[in-house]
Amino acid sequence: MKLNEITLSNVGPYAGRVHLDVTALGDVFLICGKTGSGKTTIFDAVAYALYGQSATTRELASHYAGDTDDVYVELDFNAAGERWRVIRKPQRTVAKKRGTGTTERPAVV
């Protein structure tokens, strides 16, 4: 499997939409940074896109995401000689649009 692109929308420490073009990095690359900068979140997002669950038990949605903000992972990759794209949105508990209380938004693939 070879990663091509990954897009994170309000995932982990990433507020808003972040797009990573992995093909621009070449065949071998390093993901590095300070503690808390979001390195593990990238790996969690890839695992979530592929398998529907992250490698860690962390909440996928960013603390910065509002109830109306989209939270998703989009992964573009090559496997078995074919190009694939998967988009996953996690289940979220959000405030109701009318009245008080919360409601569950189901996971979407």
Is there a path of hydrophobic side-chain contacts, each under 4.5 Å between heavy atoms, that joins [X] and [Y]?
X   : Y   : answer
L30 : L25 : no
V11 : V94 : no
I42 : Y64 : no

Could you tell me if the side chain of [Y] sits less than 4.5 Å from the side chain of [X], heavy atoms only?
X    : Y    : answer
L60  : V73  : yes
L75  : R85  : no
T103 : K97  : no
I87  : V109 : no
R88  : V108 : no
V71  : P90  : yes
E104 : R92  : no
F77  : I6   : no

Open item on the list: With a sphere of 6.0 Å drawn around CD of Q91, does it hold more than 12 non-hydrogen atoms of other residues, nucleotides or ligands?
Closed with: yes
Open item on the list: If the condition is side chain to side chain contact (heavy atoms under 4.5 Å, CB included), which residues does T7 pass it with, not counting sequence neighbours?
Closed with: R17, H19, Y72, E74
TODO: Could you tell me whether K2 and D27 have a side-chain N and a carboxylate O separated by less than 4.0 Å?
DONE: yes
Provide the closest heavy-atom pair for [X] versus [Y] in the form atom of the first, atom of the second, distance.
X   : Y   : value
D70 : K89 : OD1-NZ, 3.5 Å
P13 : G38 : CG-CA, 3.7 Å
S54 : A47 : CA-CB, 4.3 Å

Open item on the list: Whether the side chain of D76 engages the backbone of E5 through a donor-acceptor N/O pair (distance < 3.5 Å, no angle test) should be reported.
Closed with: no
Open item on the list: Show every side-chain hydrogen bond (donor to acceptor under 3.5 Å, both in side chains) that has at least one partner inside residues 39-50, sequence neighbours left out.
Closed with: D44-T56
Task: Spacing of OG belonging to S62 relative to CG belonging to D69, to within rounding of 0.5 Å - done: 9.0 Å
TODO: First locate atom CG of D21, then atom CG of L3, and finally report the distance between them rounded to the nearest 0.5 Å.
DONE: 11.0 Å
Open item on the list: We want to know whether N4 and N78 form a side-chain donor-acceptor pair, criterion being a heavy-atom distance below 3.5 angstrom.
Closed with: yes
